[in-house]
Amino acid sequence: MNRRFFSYAMLLALASFSIVGCKLEDISGSDDGEDSSTASVRLVNLTSASDLQLTVDDGDTESTIATAVASGAASSYKTLDVTSYSIVASSAGASLSTSSTSSLSLTEDEEYSIVAFERGGLIKLWKLTDDTDEPSSGYAYFTVINAGSDAGSLDVYVVEPDTDITDLTPTFSSVSAASTSLTNAISAGTYDIVVTASNKPNDVRLKLTSVSLASTTIQSLMLTPTSGGALVDGALIEQGGAVALHRNDTARVRVIAAFPAGETSNLAVNVTVGDSSLNSVTAPSIGGYSLVPANTSYYSVEVGDTAVSSLPVASFNSGGDYTVLAYGNTENDAAVTVLTDNNQLPSSGAKIRLVNGAVSAAGLSLSANYANLFSEINFGKSSVYSGITAGTTRLDLTSPATAFTSYTSNVSILSGGVYSLFVLGDTDSAIVLLNKDR
């Protein structure tokens, strides 16, 4: 069955807009001085907190208009006088940090959804204006909101179930971070919704299957940040209606084969997470990220033809990024460390960490432009992330190990970049690789 997609540019003015980190446009209605005009506001909870509340303050009176809103749920609408408010969302159980105060101006007889999501343990807010007229019978209105700042520009495909998107044009193209798409009228039916990096159909960031778009409904797909940074969670928010929260059912994992180069052949590292086998990585080198089933703790590692018998406990959680570091001198003394990668983008400058997969005799230290960043990062370990100034930067890598040759390099650090400095091989012939993870 052919399905038609129509773009309505005029609906952009009706689409939702962000109140994350900025003051809302003043859209206050007028008051004739006799009877107070009113509007309606509800809270939508897309966070992990099970007890979210919304507090408003008009400068004279503070009141809590929604309480104990569960994750993936919406409160009922609360009637408020038309004026300007300061609003704050918080978790009654303090499981998340309270949102920054945002400004909310109301228009008479309008309805609003204040959507709460989270990033790095902090509640963020986004405003939807629920005033779009319903579409013609047989169609649903559909809008994409890229509420995150980490995943970058995204393409969204709304396709027949089980459709290969490789050669298709996205339904919504290049929806940039902290922005809202145009609204499309889509034939009512059941669809798969596939979110990818912009112009990269094989770089899937979220997939929802068998999503029903009912006739005359108005739906927004809100994409929100994950702990890893690259993947996104999603929520379908019906205007004035129900909320369907979809946590990402995948994680991303890559393999670092840190073993030294062999005289005749190099060791290959093979990793399986759950029922997903990652691409083999030959030492010394860095593999790319692969999607694996989320929330699994079962994994196995083989170095050459030998299974690593002692593996650290690890859980590959929804939306997370992870590195499996396999290191040592031979397959017989192979060890494994599982690193949690934070590929959320920095708010300014760039960030970097140091991973030691080579220097077994003593730790590694790293400085940038002669300022110390990390000290004594031991064999098989990683530093925390540290901020670093963008631009041309001198990196100095040192160790008290007598066999280690100090490393110095002038590198270009890009603003907004996330970097890992990997040290692979062995102490007396280390390979230093600066990898731009994001």
Side-chain angles (χ1 to χ4, degrees), residues 226-231 248-260 266-344 352-364 366 374-386 399 418 420-427 430-431 433 435 437:
T226 59
S227 61
L231 300 177
N248 207 305
D249 62 2
T250 61
R252 298 199 313 164
V253 179
R254 66 178 171 185
V255 179
I256 308 296
F259 301 92
N266 293 350
L267 290 173
V269 177
N270 294 281
V271 175
T272 299
V273 177
D275 57 1
S276 296
S277 295
L278 281 61
N279 292 331
S280 181
V281 177
T282 301
S285 63
I286 304 167
Y289 284 106
S290 297
L291 293 177
V292 302
N295 303 319
T296 180
S297 57
Y298 170 76
Y299 71 108
S300 62
V301 180
E302 288 188 356
V303 178
D305 297 323
T306 302
V308 179
S309 58
S310 180
L311 295 174
V313 174
S315 181
F316 303 95
N317 296 325
S318 169
D321 282 0
Y322 301 90
T323 293
V324 176
L325 173 68
Y327 61 99
N329 292 311
T330 69
E331 58 192 307
N332 296 319
D333 67 356
V336 168
T337 298
V338 178
L339 306 175
T340 299
D341 304 340
N342 183 348
N343 285 319
Q344 292 183 340
I352 191 172
R353 67 174 174 176
L354 172 62
V355 179
N356 180 4
V359 182
S360 56
L364 291 172
L366 179 68
F374 313 114
S375 297
E376 298 183 4
I377 305 303
N378 291 323
F379 191 36
K381 303 297 182 181
S382 169
S383 71
V384 298
Y385 288 87
S386 175
S399 171
V418 179
S420 292
L421 188 69
F422 292 105
V423 185
L424 313 180
D426 56 19
T427 304
I431 298 171
L433 300 174
N435 194 75
D437 298 332

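Each residue takes its place number in the sequence, starting with 1. Heavy atoms only: backbone and side chains are in, while hydrogens, waters and symmetry mates are out. On a predicted model such as this, the values are computed, not experimentally measured, just so you know.
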Report task. State, with a plain yes or no, whether a side-chain heavy atom of Y289 is found less than 4.5 Å away from one of V253. Result -> no

**Report entry** Heavy-atom closest pair, residues V359 and S399
**Finding:** CG1-OG, 3.7 Å

Query raised in the report: So how far is it from D341 CG to S420 OG, rounded to the nearest 0.5 Å?
Result: 6.5 Å

Requested in this report: Evaluate the side-chain proximity of V338 to Y299: yes if any heavy-atom separation is below 4.5 Å, no if none is.
Outcome: yes

Report task. Rounded to the nearest 0.5 Å, what's the gap from CG on L339 to CG on D321? Could you check? Result -> 12.0 Å

Query raised in the report: L231 and L291: side-chain contact (heavy atoms from CB on, under 4.5 Å), yes or no, with the steps?
Result: CA-CA 10 Å; L231 300 177; L291 293 177; 3.9 Å; yes

Query raised in the report: Between CG of L433 and OG of S285, what distance do you get to the nearest 0.5 Å?
Result: 9.0 Å

Query raised in the report: Is a side-chain N or O of E302 found less than 3.5 angstrom from the main chain of A268, in a donor-acceptor match?
Result: no

**Report entry** Candidate pair N435 and R254, rule side-chain contact (heavy atoms from CB on, under 4.5 Å), full reasoning
**Finding:** CA-CA 13 Å; N435 194 75; R254 66 178 171 185; 3.5 Å; yes

Requested in this report: Taking all non-hydrogen atoms of both residues into account, name the closest pair between S360 and T427 and its distance.
Outcome: N-OG1, 3.3 Å

Query - Residue pair N295, F316: steps toward the side-chain contact (heavy atoms from CB on, under 4.5 Å) verdict - result: CA-CA 5 Å; N295 303 319; F316 303 95; over 6 Å; no

Query raised in the report: If we only count heavy atoms from C-beta on, is the V281 to V271 side-chain gap below 4.5 Å?
Result: no

Requested in this report: Run through V324, V255, V301 and flag the one making a side chain to side chain contact (heavy atoms under 4.5 Å, CB included) with L278.
Outcome: V255

Query raised in the report: Do S318 and N248 have side-chain atoms, one donor and one acceptor, less than 3.5 Å apart?
Result: no

Report task. Heavy atoms only: give me the nearest N343-R252 pair and the separation to one decimal. Result -> ND2-NH2, 3.9 Å

**Report entry** Gap between atom CG of D333 and atom CZ of F259 - 0.5 Å precision
**Finding:** 7.0 Å

Query - Within-4.5 Å side-chain heavy-atom neighbours: T337 and P312 - result: no

Report summary line: Interatomic distance, CD1@I286 vs OG1@T323, rounded to 0.5 Å, equals 9.0 Å

Query raised in the report: Can you name the closest pair of heavy atoms from S227 and N342 and give their distance?
Result: O-OD1, 4.0 Å

Query raised in the report: Which pair of non-hydrogen atoms, one from G274 and one from T296, has the smallest distance, and what is that distance?
Result: CA-OG1, 4.1 Å

Requested in this report: State, with a plain yes or no, whether a side-chain heavy atom of I352 is found less than 4.5 Å away from one of S383.
Outcome: no

**Report entry** Y322 side chain to G228 backbone, donor-acceptor under 3.5 Å
**Finding:** no

Report summary line: Taken to the nearest 0.5 Å, the spacing of N356 CG from F422 CZ works out to 12.0 Å

Query raised in the report: Does any non-hydrogen side-chain atom of I256 lie less than 4.5 Å from one of Y327?
Result: no

Requested in this report: For V303 and E331, work out which heavy atoms get closest and say how close.
Outcome: O-OE1, 3.3 Å

Query raised in the report: For F374 and L364, what are the C-alpha separation, side-chain angles and deciding distance, and is it a side-chain contact (heavy atoms from CB on, under 4.5 Å)?
Result: CA-CA 8 Å; F374 313 114; L364 291 172; over 6 Å; no

